[in-house]
Amino acid sequence: MHMVSYHGMEKIKNVINRDGTERSMLTAYFEANNLYEKARGILYRDFPEYYTWQRRIVSAHPAEGERYYLRVLLNHVTGATSYEDLRTVDGQVMPTFREAAEKRGLIEADNTLDDCMTEAELFRMPSSLRRLFTTILSMGKDIESFPLPDIDKQHETTDDIPMVIIEETSIEVDPEDVSSHKNLNNEQRKAYDEILATVDRQRGGILFVDGPGGTGKTFLYMALLATVRGQGKIAVATATSGVAASIMPGGRTAHSSRCITAQVRPLELHASIEACTQHEGSKRPVVRRIPTAHWERNRGDK
Ligand SMILES: Nc1ncnc2c1ncn2[C@@H]1O[C@H](COP(=O)(O)OP(=O)(O)OP(=O)(O)O)[C@@H](O)[C@H]1O
């Protein structure tokens with residue numbers, strides 16, 4: 001079980017027969033344990049302090065499964081002379097490295113995951129560190145066990161209300177926007193009434209407002225957002241670009257919205273809002289808790 005690099009066009013027979021392919025740093029370590037008694041008391045990771053290798057020890061990611069558990073064992077077991085020997089615990093050969101690590105009590109009790117983060121911190125880029133951290137959390141590691149800064153209680157959810165709802169309901173409504181519906185022209189009024197009727201029916205719907213630049217679409221959105229929010233309902237305003245999103249109060253880009261992903265298609269909107277709030281820790285979707293409307297600026301986005 002070791003990695004071999006080869007050219008894509010190379011014949012597999014040649015790869016296997018190439019000098020040195022059958023040896024890896026790990027098999028060299030097993031050999032050293034076989035040959036030298038002194039080597040048997042040294043952990044694999046400390047080996048470079050006593051013996052010379054031309055390469056550095058590679059790290060293993062928890063998502064790599066057996067390769068990772070092999071690394072866990074090597075971090076704790078000295079003197080192994082073969083893979084099988086490494087899997088042997090109390091005279092019993094375990095079928096997998098994971099089971100061997102479990103039998104030795106290394107997985108539950110040790111701080112390998114913390115060590116993994118500490119080691120990764122030295123050379124990984126932030127995005128890669130974040131991925132590693134979420135992988136570790138998904139393996140059942142409690143986030144509280146990491147020395148993270150304290151969570152600002154002010155931003156925690158209260159009374160089991162998901163954060164996304166608190167954020168959306170705390171958007172301030174400009175009084176000028178609230179009264180702007182009185183100034184709508186006939187076409188805007190028609191669209192305004194129809195959209196509000198759809199929101200009130202609470203049965204969902206997809207409506208498109210279209211028109212040449214400067215004909216008052218944004219003016220209409222502002223009036224709609226203010227009216228819906230003024231009624232205590234949630235109006236999620238998204239746009240495909242940051243500039244277009246910044247025009248609308250509480251507006252955000254679709255991909256940064258915690259409710260709607262960039263790939264969302266209109267018919268998936270309901271499902272994506274549900275998925276989002278369930279992810280936030282609530283089993284009750286926003287759409288059932290508070291009537292929700294969603295505006296997306298598309299055509300003519302700046
Ligand atoms: N009913 C109205 N009463 C007063 N002013 C209005 C009305 N409708 C639109 N306007 C004004 O007309 C101008 C253009 O409107 P708006 O920006 O809403 O157009 P738009 O269709 O969103 O344009 P674009 O597609 O270029 O973004 C704005 O200054 C807006 O305030």
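For ligands, and for the atoms within them, numbers begin at 1 and follow the listed sequence. All residue numbers in this chain count up from 1 along the given sequence.
With sequence neighbours excluded, the residues that form a side-chain contact (heavy atoms from CB on, under 4.5 Å) with R40 are N33, E37. For E99, the salt bridge (Lys or Arg N to Asp or Glu O under 4.0 Å) criterion is met by no residue, not counting sequence neighbours.
For ligand 1, the polar-atom distance check finds an N/O of F219 within less than 3.5 Å of one of the ligand's N/O atoms. Ligand 1 has no nitrogen or oxygen under 3.5 angstrom from a nitrogen or oxygen of L184.
Between Y68 and F97, a ring centre-to-centre spacing not shorter than 6.0 Å is recorded.
Using a 3.5 Å distance cut-off with no hydrogens or angles, the side chains of T27 and Y83 do not pair a donor with an acceptor.
With a 4.0 Å heavy-atom cut-off, ligand 1 is reached by the backbone of N185 but not by any atom from C-beta on.
In summary, the atoms of ligand 1 found under 4.0 Å from a heavy atom of N183, numbered by their order in the structure, are 1 (N), 2 (C), 3 (N). Near G213, the atoms of ligand 1 lying under 4.0 angstrom from a non-hydrogen atom of the residue are 23 (O), 24 (P), 25 (O), 26 (O).
G214 counts as a contact of ligand 1, since one of its heavy atoms falls under 4.0 Å from the ligand.
The minimum heavy-atom distance between L86 and A100, with the atom names listed, is O-CB, 4.3 Å.
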